[in-house]
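Below is one structure, written out as structure tokens; comments come after it.
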Amino acid sequence: MSRMPSVYIPHGGGPSFFMTGERKQRYQQTEDFLRSFHTYLPARPDAILIVTAHWETPTVSFTGGKHPSLIYDYYGFPPHTYTLDYPAPGAPDLAQHAASLMAQSGIEAFVDQDYGWDHGVFIPLKVMFAQADIPVVAMSLQHSLDPELHSQMGRALTALRDDNILIVGAGMSYHNLANFAQQAPASYAFHDWLDQALSGDWMQRCQALATWQQAPGGLASHPREEHLLPLMVASGAGSDAPGRSIWRGEIGPTCIGAWAFD
């Protein structure tokens, strides 16, 4: 069986995949990609470790509960979106193992037995693996938001891929909500830069991603970097093989993308 890749995917906009009308239409391309996501994998994963853009902690943290609750951390949406469920099991042993791999790499880590799954976790997984029968562990960002540290965090987890565990960075490659439409040209320039930055070996990717703020369209696409940092983790968990662009689409007039790392 081929080694499981690590991937970076767009998690969408709140619960838009489970709405109707214009809001759903805007995210339809993204939803279609996520529904086809299994076709990009060499096998069905035995477990999923997903890095969410919506959880920042002083110490890198992993959800350790057997049945984590859902955190509806979006606001002003229809009532039914606050009753969505995703009853996949947790994976306490995987959480402990991931934390120990971090510690072995000199990165402090913590297993949180009580924290739940925010919408950066359960919303994309509900589309990607709708049967909710694959165990899941969510992972936080480290609150320094340091890109090189997050590449190293991914590197610490690389061995999980040999155990048929799928490492997912869940964010948005464009996340300027205040200027969503106005920055459309910048979004394309930034994605062209990302394709180039991710085409190198491990160290080249790490070094390039650390300079994302100087990239064409970088700051226009990400006034704050939390939705980009899961990409650093996914790239960090990859090998020296070039990153692969597996999807590019649009949300309204802006560009969005996904990459895989072998």
Under 6.0 Å from the six-membered ring centre of Phe18 and within 45° of its axis: does the NZ or CZ of Lys126 meet both?
yes
Going by chain and number, the hydrophobic cluster around Met203 (ILVMFWY, side chain to side chain under 4.5 Å) further includes Trp202
In Å, rounded to the nearest 0.5 Å, how long is the span from CD of Gln152 to OG of Ser105?
8.0 Å
Just do the side-chain hydrogen bond (donor to acceptor under 3.5 Å, both in side chains) check on His191 and Ser173 with the steps written out, would you?
CA-CA 8 Å; His191 280 75; Ser173 54; 2.6 Å; yes
Close side-chain approach of Val7 and Tyr40, heavy atoms under 4.5 Å
no
Do you know the tightest heavy-atom contact between Trp117 and Val136?
CZ2-O, 3.4 Å
Tightest non-hydrogen contact, residues Glu56 and Arg224, listed as OE2-NH1, 2.8 Å
Do any N or O atoms from the side chain of Ser140 and from the backbone of Val60 form a donor-acceptor pair under 3.5 angstrom?
no
Non-hydrogen side-chain atoms of Asp46 and Ile134 separated by less than 4.5 Å
no
Hydrophobic cluster membership, with links at side-chain heavy-atom distances under 4.5 Å among I/L/V/M/F/W/Y: are Ile256 and Leu219 in one?
no
Between Gln142 and Pro58 (side chain of the first, backbone of the second, donor and acceptor by atom type, cut-off under 3.5 Å), is there such a pair?
yes
Check the pair Tyr74 / Tyr82 against ring-ring contact (aromatic ring centres under 6.0 Å, His included), numbers first and verdict last.
CA-CA 9 Å; Tyr74 41 76; Tyr82 298 92; 5.2 Å; yes
Ring-plane angle category for Phe33 and Phe37, please: parallel below 30°, perpendicular beyond 60°, tilted otherwise.
perpendicular
Compare all side-chain heavy atoms of Leu94 with those of Ile165 and state whether any distance is below 4.5 angstrom.
yes
As an exercise, state the distance from CD of Glu226 to CE of Met172, rounded to the nearest 0.5 Å.
11.5 Å
Who passes salt bridge (Lys or Arg N to Asp or Glu O under 4.0 Å) against Glu225, sequence neighbours left out?
none
Nearest heavy-atom approach of Phe62 to Ala109 is CE1-CB, 4.1 Å
Side-chain contact, heavy-atom cut-off 4.5 Å: Met139 with Met102?
yes
Check the side chains of Ser187 and Thr254 for a donor-acceptor pair under 3.5 angstrom, ignoring hydrogens and angles.
no
Note, His54 side chain near His119 side chain (heavy atom, < 4.5 Å)
yes
Which atoms form the tightest heavy-atom contact between Ala258 and Pro10, and what is the distance?
CB-CD, 4.1 Å
Counting heavy atoms not belonging to His80, are there more than 12 under 6.0 Å from its NE2?
yes
Would you mind telling me which of Met19, Arg26, Lys24 makes a side chain to side chain contact (heavy atoms under 4.5 Å, CB included) with Glu22?
Arg26
Could you list the residues that satisfy salt bridge (Lys or Arg N to Asp or Glu O under 4.0 Å) with Asp146, not counting sequence neighbours?
none
Evaluate whether atom CD of Gln213 has more than 12 neighbouring non-hydrogen atoms of other residues, nucleotides or ligands under 6.0 angstrom away.
yes
Looking at Arg3 and Asp262, is any side-chain nitrogen of the basic one under 4.0 Å from a carboxylate oxygen of the acidic one?
no
Is the shortest side-chain N to carboxylate O distance from Arg248 to Asp192 below 4.0 Å?
yes
Rounded to the nearest 0.5 Å, what's the gap from OH on Tyr27 to CG on Asp32? Could you check?
14.5 Å
What pair of heavy atoms forms the shortest contact from Asp195 to Ser245, and how long is it?
OD1-CB, 3.7 Å
I'd like to know if the side chain of Ser221 and the backbone of Gly217 have a donor-acceptor N/O pair within less than 3.5 Å.
yes
Note, Thr63 side chain near Val121 side chain (heavy atom, < 4.5 Å)
no
Distance (rounded to the nearest 0.5 Å) between Arg35 CZ and Thr30 OG1:
12.0 Å
What do you reckon, are the aromatic ring centroids of Tyr72 and Phe122 less than 6.0 Å apart?
yes
Closest non-hydrogen atoms of Gly236 and Thr158, given as atom of the first, atom of the second and distance, are O-OG1, 3.8 Å
Any salt bridge linking Asp93 with Lys66? Criterion: basic side-chain nitrogen under 4.0 Å from a carboxylate oxygen.
no
Does any non-hydrogen side-chain atom of Tyr115 lie less than 4.5 Å from one of Pro68?
no
Does any donor atom in the side chain of Glu250 or Tyr174 lie under 3.5 Å from an acceptor atom in the other side chain?
no
With a 4.5 Å limit on heavy-atom distance, are the side chains of Leu198 and Leu209 in contact?
yes
